[in-house]
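Input: a single structure, listed below in structure tokens.
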Amino acid sequence: MAIVLLMGLVGWAGQTAWQRLSQLRKNLGVMPHESGHGSNGSESGTLEPNETRLDDFVANSQEAVEELQHLLMILVVLVLVLGFTATSLVYRGKMGPLRAQLVESRAIIGRQEKLAALGTLAAGVAHEIRNPLTAINVRLHGLKKNLTPDSSEHEDATVIGQEIQRLDRIVGDVLQFARPAEPRLVAVTTESLFHRVRDLLGAQLEKASIRLDVSASPDQWIRIDPDQFDQVLINLVQNAAESIGQDGTITLRTRSGPVSPGKSPLRGFKSKGGDAAQVVILEVTDTGAGIPRAVQDRLFDPFFTTKETGTGLGLSIAARIVEKHGGALEYQTKVDHGTTFAIVLPGIERVTDEIQT
Ligand code: ADP
């Protein structure tokens, strides 16, 4: 809008200057010429009107030149303003987003560096804890053998054993978070992956009256590390079950198709190249409590948990594993309705000569 207005003003100034120049040229065309001949009687009679016309002409020309100067100055100012506005618009359009991207990248690098430092520290501590923990566990087993079953001492030893297992799980999580292993990729069908998770967790879910619905095609292939993906899905399904508590449904399903660059099936998934990417999406949907805004803001922060016995590492580890597979972990949630976590993975062509499971 501002540019159009400025261009209008420049046009007006240019047009007026052009008119003034034409008038000046016309004036020059009608400038009275001094006549060197004629009768003596008529000479004094024609000189006077000629002088008056000459004065008029000079006055007119001076006025026109002055106006032209003003117009030129206005034109220069307008061109400068126009140039400045156009430059700032280009800057805002091109440089603004680049600057925002730079700030975001710096924040990500800062976060990665912090995570790396935290990871190294956590890995060191976890490693030191694991050795004495193993020794305690071995001794406990020895002691337990000598205790009479159903005695209160045996019961104490059982509780101690359970707590040692819990500590071992936490230490394992911390180590995995701190030093994620490189995925060993093989081609699997989404159906086989889902069925394995159902075999592992089905009984536990049944106890809480939670139904696990699985819908996947035997022809849909993905290239993943199956052990790592078992862990991702177990984390997501366990979170879903904890959010439901008692009575509800968890659904595992897949979708696939092209995703345009910059467009997300849920949030922010981008294709690596410029073309539409083929993706396979594995979804874990629950009919649980949903995730409140305040929790969403810290959802993927390591060690953030709302549970008494949680480690706050489940989602961080899951997201890390998925990212190592070139994918993204996304979610959609509605408080009191439930949550869907979506693992967005690059799709693969037909599977021919690979190890298939
Ligand atoms: P943890 O399960 O040990 O708390 P996570 O990283 O797996 O750690 O999860 C972090 C937090 O995210 C959980 O404490 C919980 O508040 C929230 N959360 C994760 N998944 C869900 C879900 N499906 N529904 C509701 N809240 C969830």
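Counting starts at 1 for both ligands and their atoms, following the listed order. When reading the values below, keep in mind they use all heavy atoms of this one structure, side chains included, and skip hydrogens, waters and symmetry mates. Computed from a predicted structure; not experimentally measured.
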Pairing residues for Thr339 by the side-chain hydrogen bond (donor to acceptor under 3.5 Å, both in side chains) criterion, not counting sequence neighbours: Thr333
May I ask you to list the atoms of ligand 1 that are less than 4.0 angstrom from any heavy atom of [X]?
X      : value
Gly310 : 3 (O)
Gly290 : 25 (C)
Thr305 : 1 (P), 3 (O), 4 (O), 14 (O)
Phe304 : 10 (C)

Can you tell me which residue and heavy atom of the protein come closest to [atom], and the distance to 0.1 Å?
atom                    : value
atom 2 (O) of ligand 1  : Lys307 NZ, 2.7 Å
atom 19 (C) of ligand 1 : Asn239 ND2, 3.6 Å
atom 23 (N) of ligand 1 : Asp286 OD2, 3.0 Å
atom 16 (O) of ligand 1 : Thr306 OG1, 2.5 Å

Indicate yes or no: does an N/O atom of [X] lie under 3.5 Å from an N/O atom of ligand 1?
X      : result
Leu299 : no
Ser316 : no
Phe341 : no
Glu242 : no

Any non-hydrogen atom of [X] lying under 4.0 Å from ligand 1?
X      : value
Pro302 : no
Gly312 : yes
Asn235 : no

Heavy-atom closest pair, residues Asp286 and Ser243: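 For Asp286 versus Ser243, the nearest heavy atoms are OD1-OG, 4.3 Å.
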With sequence neighbours excluded, residues passing salt bridge (Lys or Arg N to Asp or Glu O under 4.0 Å) with Arg211: Asp213
Using a 4.5 Å cut-off on heavy atoms from C-beta on, say whether the side chain of [Y] contacts that of [X].
X      : Y      : result
Leu315 : Phe341 : yes
Lys307 : Asn239 : yes
Lys207 : Gln204 : no
Leu252 : Val237 : yes
Phe229 : Leu345 : yes

Rounded distance (nearest 0.5 Å) linking atom CG of Asp247 with atom OG1 of Thr287: 9.0 Å
Reported CG-to-CD distance for the pair Leu72 and Glu67, which is rounded to 0.5 angstrom: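 Those atoms lie 11.5 Å apart.
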Ile291 and ligand 1 - part of the residue with a heavy-atom distance under 4.0 Å: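 It is the side chain that gets close, since no backbone atom is under 4.0 Å.
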Side chain, backbone, both or neither: the part of Thr339 lying under 4.0 Å from ligand 1 by heavy atom: side chain
Residues Arg166, Glu163: salt bridge by 4.0 Å N-O rule: yes
Residue selection (non-hydrogen contact nearest atom 6 (O) of ligand 1) among Ile244, Thr311, Leu315, Thr285: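 Among Ile244, Thr311, Leu315, Thr285, the closest heavy atom to atom 6 (O) of ligand 1 belongs to Leu315.
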